[in-house]
Amino acid sequence: MTHTFCVYPWIHSHVGPSGLVSLCCFASAEPRPELVDERGRRPNLQDVAFGEVWNSDAMREIRRKLLAGERVRECSHCYHKEAVGGSSPRKQANGEWLVQHPRAAELRARIERAEARGHRVEEGLTYLDVRPGNACNLGCRMCGGMASSFLAKDAVHATWELHGGAPVDELRVVATRRDGGRFASGKPWHRHEAELIEELLGRPENLDKVYLAGGEPLFNGTVAAIVEHLVDCGAARHVDLSFSTNLTVWNEELIGSLEAFRSVVFLASIDAEGATYEYLRYPAGWDTVVDHVERLRALPFVHLELTPTVQNANALDLARLLRFAELIDVPYSLATLYEPTHLSVHAMPAAAREEAATRLEWFMARSRLAEHYEYLVDSAKVLLADMRQPSPAPYRELMRTFNLFTNDLDADRGQSLAASCPELWQYIREDPDYTWTDERVYAPRAQGAEPAA
């Protein structure tokens, strides 16, 4: 295969909370995407059936380009990871599906058949990643309204999304439309469960893997309907099922039905311990999460992993969290936060960033689990490279935005960066390159306070 080839466009699709269809969850939402309709719009299940996207002209052209060794704009995430010497979802997918998988020969033959048919794939999805809506019980600082109904209703956070340079929230774009797209009911795409199941899961005999996220999947009725369908139609026994979850919700009925699946993985979005965790994933409680971790570990049919999102507020505490994971024999994979940039590792003093990198290097050199899970080392390698790369924006600009955003959310939520992340706060107070202020922008200001510039 070519140096740009990725198997996903032949076997997989990602459907985001707003109904947008993309090549995978890592596909960049950059200004000039290639997976578009004849009018240049990104395909959305609110407007079109999935079958119209799967073999559209744009999808077939993407398949042709990947086979020919040409780059696809949406794939910049993988190109970046490979450029800094790490692995990438592209490489991992090719190895998993075309080399290691029991159906590897069949999938390679599918690609050859599709090429002979003008890159049309007649088989149904083998791997589905679907996030049916944004129903969520948390308002995590680094998240947005597209993935959290909590944040969509949070006036201060939502205003920052609207005016603070965040990417366009596609869910709001859909929500403010005057029509229901192809649905006469006017309801969002994920509320049409029968159509969703028919279009995405209508050929369950081909299905091998399903990834469910949101929002919070254990807080989502459509997710429960998908799981129930897979069990009832008998597909569960040949499906590997994964959840990306904040693990603050315990859905006894849904979790009890999961034993029917070939395998079950819970990817727990846990970024820190104690007060730092509660600060980032408001209004979650650390004790509740620890209890749910222990309950999952007791289930023999569940494999649990931690997937911390590494950002400025938890970078210094990361090694402590990974030590917790190793003590209970739970593997982990590190996800670097790139957007919003004012919460990335570049929006912290240089001395703090270097200290965080040094601690991570020290820990990984002594990790018990690293030798058993290659992706642990790969994810740490990419993170370390990102920590030591030049900032994507001027430092003072990033810190200024981080400062104002933090003050606004702290005031609105009754939280404190100084109390929740004391070590980072000390570095900020001693930073020679930026002076922290008490200014606010969108949260109610203290009486007599001056408005922000």
Rounded to the nearest 0.5 Å, how far does [atom2] of [Y] lie from [atom1] of [X]?
{"X": "H190", "Y": "N134", "atom1": "NE2", "atom2": "CG", "value": "6.5 Å"}
{"X": "S269", "Y": "L280", "atom1": "OG", "atom2": "CG", "value": "12.0 Å"}
{"X": "I270", "Y": "Y332", "atom1": "CD1", "atom2": "OH", "value": "14.0 Å"}
{"X": "D412", "Y": "D154", "atom1": "CG", "atom2": "CG", "value": "5.5 Å"}
{"X": "I197", "Y": "L230", "atom1": "CD1", "atom2": "CG", "value": "8.0 Å"}
{"X": "L343", "Y": "Y338", "atom1": "CG", "atom2": "OH", "value": "15.0 Å"}

Can [X] and [Y] be counted as an ion pair, charged N to O under 4.0 angstrom?
{"X": "D378", "Y": "K381", "value": "no"}
{"X": "R182", "Y": "E199", "value": "yes"}
{"X": "R323", "Y": "E326", "value": "no"}
{"X": "E252", "Y": "R295", "value": "yes"}
{"X": "D329", "Y": "R368", "value": "yes"}
{"X": "R113", "Y": "E123", "value": "yes"}
{"X": "R41", "Y": "D47", "value": "no"}

Could you check if a side-chain atom of [X] sits within less than 4.5 angstrom of a side-chain atom of [Y], using non-hydrogen atoms only?
{"X": "T2", "Y": "L67", "answer": "no"}
{"X": "D37", "Y": "P43", "answer": "no"}
{"X": "P132", "Y": "N220", "answer": "yes"}
{"X": "R103", "Y": "T126", "answer": "yes"}
{"X": "L322", "Y": "S367", "answer": "no"}
{"X": "L207", "Y": "R203", "answer": "no"}
{"X": "L404", "Y": "T406", "answer": "no"}

Can you see which heavy atom on [X] is nearest to which on [Y], and at what distance?
{"X": "L417", "Y": "D410", "value": "N-OD2, 3.0 Å"}
{"X": "P89", "Y": "C78", "value": "CD-SG, 3.5 Å"}
{"X": "V121", "Y": "A114", "value": "CG2-CB, 4.0 Å"}
{"X": "V382", "Y": "S87", "value": "CG2-O, 4.5 Å"}
{"X": "V330", "Y": "L369", "value": "O-CD1, 3.6 Å"}
{"X": "R262", "Y": "D208", "value": "NH2-OD2, 2.9 Å"}

N314 and T276: CA distance, side-chain angles, deciding distance, side chain to side chain donor-acceptor pair (under 3.5 Å) verdict: CA-CA 7 Å; N314 70 342; T276 304; over 6 Å; no
Establish, from distance only, whether the side-chain atoms of [X] and [Y] form a donor-acceptor pair under 3.5 Å.
{"X": "S244", "Y": "R131", "answer": "no"}
{"X": "H346", "Y": "N312", "answer": "no"}
{"X": "T248", "Y": "N137", "answer": "yes"}
{"X": "S420", "Y": "E278", "answer": "no"}
{"X": "R141", "Y": "Y279", "answer": "yes"}
{"X": "E70", "Y": "T4", "answer": "no"}

Got a sec, which residues hit side-chain hydrogen bond (donor to acceptor under 3.5 Å, both in side chains) with R191, two or more places apart in sequence or on another chain? none
side-chain hydrogen bond (donor to acceptor under 3.5 Å, both in side chains) involving H80 - partner list, sequence neighbours excluded: D386
Mind checking whether [X] and [Y] have parallel, tilted or perpendicular rings, split at 30° and 60°?
{"X": "F26", "Y": "H77", "answer": "parallel"}
{"X": "H12", "Y": "Y8", "answer": "tilted"}
{"X": "W160", "Y": "H342", "answer": "tilted"}

Let's go through R64 and E115 carefully: what are the C-alpha distance in whole Å and the side-chain angles of both, what is the deciding distance for salt bridge (Lys or Arg N to Asp or Glu O under 4.0 Å) to 0.1 Å, and is it a yes or a no? CA-CA 8 Å; R64 184 202 66 76; E115 185 176 15; over 6 Å; no
Applying the side chain to side chain contact (heavy atoms under 4.5 Å, CB included) criterion to H192, which one of Q46, E198, K187 satisfies it? K187
Could you tell me whether E122 atom CD has more than 12 heavy atoms of other residues or ligands within 6.0 Å of it? yes
Check: H157 ring centre within less than 6.0 Å of Y442 ring centre: no
Let's go through L218 and W250 carefully: what are the C-alpha distance in whole Å and the side-chain angles of both, what is the deciding distance for side chain to side chain contact (heavy atoms under 4.5 Å, CB included) to 0.1 Å, and is it a yes or a no? CA-CA 7 Å; L218 302 185; W250 189 266; over 6 Å; no
When you measure from the side chain of W189 to the backbone of P17, do you find a donor-acceptor pair of N or O atoms at a distance under 3.5 Å? yes
Short side-chain to backbone donor-acceptor contact, T307 and A268, under 3.5 Å: yes
Cation-aromatic face contact R90/F5, 6.0 Å, 45 degrees: no
Using the six-membered ring of Y79, assess whether NZ or CZ of R71 lies under 6.0 Å from its centre and within 45 degrees of the ring axis. yes
Verify side chain to side chain contact (heavy atoms under 4.5 Å, CB included) between L23 and I62, making sure each step is shown before the conclusion. CA-CA 9 Å; L23 301 178; I62 287 168; 4.0 Å; yes
Chi angles and distances behind the side chain to side chain donor-acceptor pair (under 3.5 Å) call for E216, T245: CA-CA 6 Å; E216 169 50 46; T245 171; 2.8 Å; yes
Show, in sequence, the C-alpha distance, side-chain angles and deciding distance for L318 and V310, and conclude whether the side chain to side chain contact (heavy atoms under 4.5 Å, CB included) test is met. CA-CA 8 Å; L318 186 60; V310 184; 3.9 Å; yes
Verdict with reasoning, E34 to R42, per salt bridge (Lys or Arg N to Asp or Glu O under 4.0 Å): CA-CA 8 Å; E34 298 189 37; R42 296 177 67 193; over 6 Å; no
Checking F243 against V210 for the side chain to side chain contact (heavy atoms under 4.5 Å, CB included) test, could you report, in this order, the C-alpha distance in whole Å, the side-chain angles of both residues, the deciding distance, and whether it holds? CA-CA 9 Å; F243 294 91; V210 174; over 6 Å; no
Could you give me the CA-CA distance, side-chain angles and deciding distance for N55 and R63, then say whether side chain to side chain donor-acceptor pair (under 3.5 Å) is met? CA-CA 10 Å; N55 280 310; R63 292 173 183 143; 2.9 Å; yes
Show your reasoning for whether salt bridge (Lys or Arg N to Asp or Glu O under 4.0 Å) applies to R108 and E106. CA-CA 6 Å; R108 290 196 297 268; E106 173 193 335; over 6 Å; no
